[in-house]
Amino acid sequence: MSLAPRLDIRQSQSLVMTPQLQQAIKLLTLSNLEIEAFIAEEVEKNPLLDATAVREVATPERPEREAPAGADELVAGTAPAEDRGLDLDYATESHQQDSVVDGGTGPDGGLSLNGASSGGLGGEDGPDWDSLPDDAPNLAEHLEAQVALILSGTDLTIAAHIIDQLDEAGYLTVPLGEIAERLGVSIARVESVLSVVQGLDPTGVGARDLAECLALQAKEVDRYDPCMAKLIANLDLLARGDLARLKRLCGVDDEDMADMIRELRGYDPKPGCRYGGEPARAVVPDLFVTRTKAGWGIELNTATLPRVLVNRRYYQELRHGPQDKGSKAWLADCLANANWLMKALDQRQRTIIRVATEIVKQQEAFFLHGVAQLRPLTLARVAEAIGMHESTVSRVTSNKYLSCARGLFELKFFFTSGIAAADGGDAVSAEAVKSAIKALIANEGAKILSDDTLVELLQAKGFDIARRTVAKYREALGIGSSVQRRRARALGG
């Protein structure tokens, strides 16, 4: 064998994760609102990019050209280079929904996209500004404003530290000894300041456990007598529904026990939650689905999709101006990045439309008749139907919401496992079974339904389901067992 050096030519294929490829993959997973923030950052970095607030929508007078195959082609580098229209591919109608307030409220509490408004922000009298949340103080600010009027000096510093250690529910989760050691003061002084904090509004804040929280509220309304103290000290018995033992411990009869429990139910177990945390934010849909004369109309929410353009006039000005070799390279790089971003965004939106169209096609019974008709569906099935990779479909359905006449749903909601039909017919989705379980329990009346009884009733409806599956779905719905429901009813819940 010769050991002399030589040159060989070999041909091989490999997938290289270029920055453009990584960006294309990242864009698929972002929601419309995240895309808006991403575009704003890119516009700041690239002087050749311009963003406007509204995108053009295809109309019968200006039809959209045929869409390419999908994001897989873009990733592979085989997508066409020209810019194309987006949004609808229905020649008969177009649907321009600039925001969620363009429609009213659907029959199931969701968004109705029939063009009529049923109040709220889209009412005839315009926006109801009084109903919008104001800049209310959070829990810490609310408590600090009160304690500053009562304490001063070292005690105020201790109080501020205690308030800083409260969780969102208003509970103190740090031991007093740790606070005393950290601040270099005695535990007695920390306890004294804590008693002041516990006297602030809302009542019950600063408690170290649920029993102390309820006791503080009972004392506030002068209901903390020995019987109530015994009841609060034995909340575990109340949770188990052991009323007989509770009556013996408290020394009361049935009427007094019922009155005490009713009083206890009126207290707030999490007093800090009315101030704590950030206000809940409404989910903005990424897609609108409407019933049209020709079938189903699927449209992107253009209100959250700025239109990105390359400022070619500015490019020409810079190109013909005085510049060195480094400036020319920088300008060419800006132009290439701007063109790539436009194509990537356009392809992302086309891919979302294609995936959503297939989901609506597969789950048409749901859009017509409700969750009881939801079919089992997998990512692989959708990917195979539209000729994409399963991972691409998974990225498209992440953090995306669809609004239809039945409400607002995450795209992942439409992918559910299947339950076999008792008669050997088509399988039904797990969500449909959960809906049936919820309906049966909601209408169980005086007779509490056990899991075995639920299995029998579900099998009568055509669901071939085991008892352990019923229990799993019931727990997922947050519904207690038959024993827990019976105890809750006995307690007046």
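The model shown is predicted, which means the values in this text are computed figures rather than measured ones. Atoms considered below: every heavy atom in the structure, side chains included; atoms not considered: hydrogens, waters and symmetry mates.
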Is there a side-chain contact between [X] and [Y] (heavy atoms, below 4.5 Å)?
X    : Y    : result
D201 : Q146 : yes
L440 : L458 : yes
I150 : D155 : no
T157 : L151 : no
H161 : V193 : no
V221 : Y267 : yes
Q198 : V205 : no
T302 : F288 : no

Enclosure of K438 NZ (heavy-atom neighbours >12, cutoff 6.0 Å): no
Quick one: pull up [atom1] in [X] and [atom2] in [Y] and give me the separation to the nearest 0.5 Å.
X    : Y    : atom1 : atom2 : value
N301 : D286 : CG    : CG    : 7.5 Å
N138 : L143 : CG    : CG    : 9.0 Å
L264 : M228 : CG    : CE    : 6.0 Å
C273 : D268 : SG    : CG    : 7.5 Å
L249 : M257 : CG    : CE    : 8.5 Å
L449 : I437 : CG    : CD1   : 11.0 Å

List in chain and number order the residues that pass salt bridge (charged side-chain N to carboxylate O under 4.0 Å, His left out) with [X], two or more places apart in sequence or in another chain; answer none if no residue qualifies.
X    : result
R485 : E444
R182 : E178
K270 : none

Quiz: residues 230-246 side-chain donor-acceptor pairs under 3.5 angstrom, not counting sequence neighbours:
| unit_1 | atom_1 | unit_2 | atom_2 | d |
| --- | --- | --- | --- | --- |
| N234 | ND2 | K230 | O | 2.7 |
| D242 | OD1 | R245 | N | 3.4 |

[X] side chain to [Y] main-chain N or O, any donor-acceptor pair under 3.5 Å?
X    : Y    : answer
N443 : A439 : yes
R348 : L28  : no
S394 : E390 : no
H142 : G272 : no

Which donor-acceptor pairs under 3.5 Å do side chains of residues 360-370 form with protein atoms, sequence neighbours excluded?
| unit_1 | atom_1 | unit_2 | atom_2 | d |
| --- | --- | --- | --- | --- |
| Q362 | OE1 | R381 | NE | 3.4 |
| Q362 | OE1 | R381 | NH2 | 3.2 |
| Q362 | NE2 | E358 | OE2 | 2.8 |
| Q363 | OE1 | R375 | N | 2.9 |
| Q363 | NE2 | R375 | O | 2.8 |
| Q363 | NE2 | F414 | O | 3.0 |
| E364 | OE2 | W296 | NE1 | 3.1 |

Of all residues at least two apart in sequence or in a different chain, which pass the side-chain hydrogen bond (donor to acceptor under 3.5 Å, both in side chains) check with [X]?
X    : result
R467 : D452
E191 : none
T453 : S450

Partners meeting side chain to side chain contact (heavy atoms under 4.5 Å, CB included) with E410 (sequence neighbours left out): Y401, K412
Listed partners of A207 passing side chain to side chain contact (heavy atoms under 4.5 Å, CB included), at least two apart: Y171, E212, C213, L216
I441 and L477: CA distance, side-chain angles, deciding distance, side chain to side chain contact (heavy atoms under 4.5 Å, CB included) verdict: CA-CA 11 Å; I441 294 177; L477 290 169; over 6 Å; no
Criterion side chain to side chain contact (heavy atoms under 4.5 Å, CB included) on D253 and K247, from CA distance to verdict: CA-CA 6 Å; D253 55 18; K247 286 188 290 185; 6.0 Å; no
Least distance between heavy atoms, S31 atom then N399 atom: CB-O, 3.1 Å
Residue pairs involving residues 215-224 (criterion side chain to side chain donor-acceptor pair (under 3.5 Å); sequence neighbours excluded): R223-D259
Chi angles and distances behind the side chain to side chain contact (heavy atoms under 4.5 Å, CB included) call for F415, I359: CA-CA 9 Å; F415 297 90; I359 290 175; 3.8 Å; yes
L379, T29, I353, I352 screened by side-chain contact (heavy atoms from CB on, under 4.5 Å) with V396, the one that passes: I352
Qualifying salt bridge (charged side-chain N to carboxylate O under 4.0 Å, His left out) pairs, either residue in residues 25-37, two or more places apart: none
